[in-house]
Amino acid sequence: ALALIGSGRYAALPVECLNDEGALRTRRGQRLSTQDFTELPPFEESAAWLDADGRLVAIGARARDDHFVIHRGFAG
């Protein structure tokens with residue numbers, strides 16, 4: 001299913017939201033933890049990570065050990 005994200009763009013990926021601290025850490029390329037998300041992404045599935053305003057921050061994935069991988073970051 002397609003999901004509407006910021007500026008009328010659509011994502012064919014699952015959409016997950018970062019809290020304010022998580023969005024800042026993602027933009028800085030810093031290590032993320034489970035506490036950086038308002039709801040945890042599914043395991044081993046790429047997802048669009050949005051900030052609280054619905055802007056795309058990154059495409060990333062969550063590994064089974066709760067290690068988060070940023071595949072592609074986007075300027076905010």
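None of the values given here were measured: they were computed from a predicted structure.
For the atom pair CZ (Arg31) and NE2 (His67), the distance works out to 6.5 Å, reported to the nearest 0.5 Å. Rounding to the nearest 0.5 Å gives a distance of 7.5 Å between CD of Glu21 and CD of Gln30.
Among residues two or more places apart in sequence or in another chain, the side chain to side chain donor-acceptor pair (under 3.5 Å) test is passed with Ser46 by His71. The side chain to side chain contact (heavy atoms under 4.5 Å, CB included) check on Asp20 picks up Ala52, with sequence neighbours excluded. Judged as a side chain to side chain contact (heavy atoms under 4.5 Å, CB included), and not counting sequence neighbours, the contacts of Leu32 are Arg25, Thr26, Asp36, Phe37, Trp49, Phe68. With sequence neighbours excluded, the residues forming a side chain to side chain contact (heavy atoms under 4.5 Å, CB included) with Ala23 are Leu18, Arg27, Asp51, Val57, listed by chain and number. In terms of the side chain to side chain contact (heavy atoms under 4.5 Å, CB included) criterion, residue partners of Leu24 (sequence neighbours excluded) are, by chain and number, Arg28.
Hydrophobic clustering, with ILVMFWY side chains joined whenever heavy atoms are under 4.5 angstrom apart, groups Ile70 together with Leu40.
Pro14 approaches Glu45 most closely through the heavy-atom pair CG-OE2, 3.1 Å. Across every non-hydrogen atom of Glu16 and Ala47, the tightest pair is CG-CB, 4.0 Å.
When the shell of 6.0 Å around CD of Glu39 is examined, it contains 12 or fewer heavy atoms from other residues, nucleotides or ligands.
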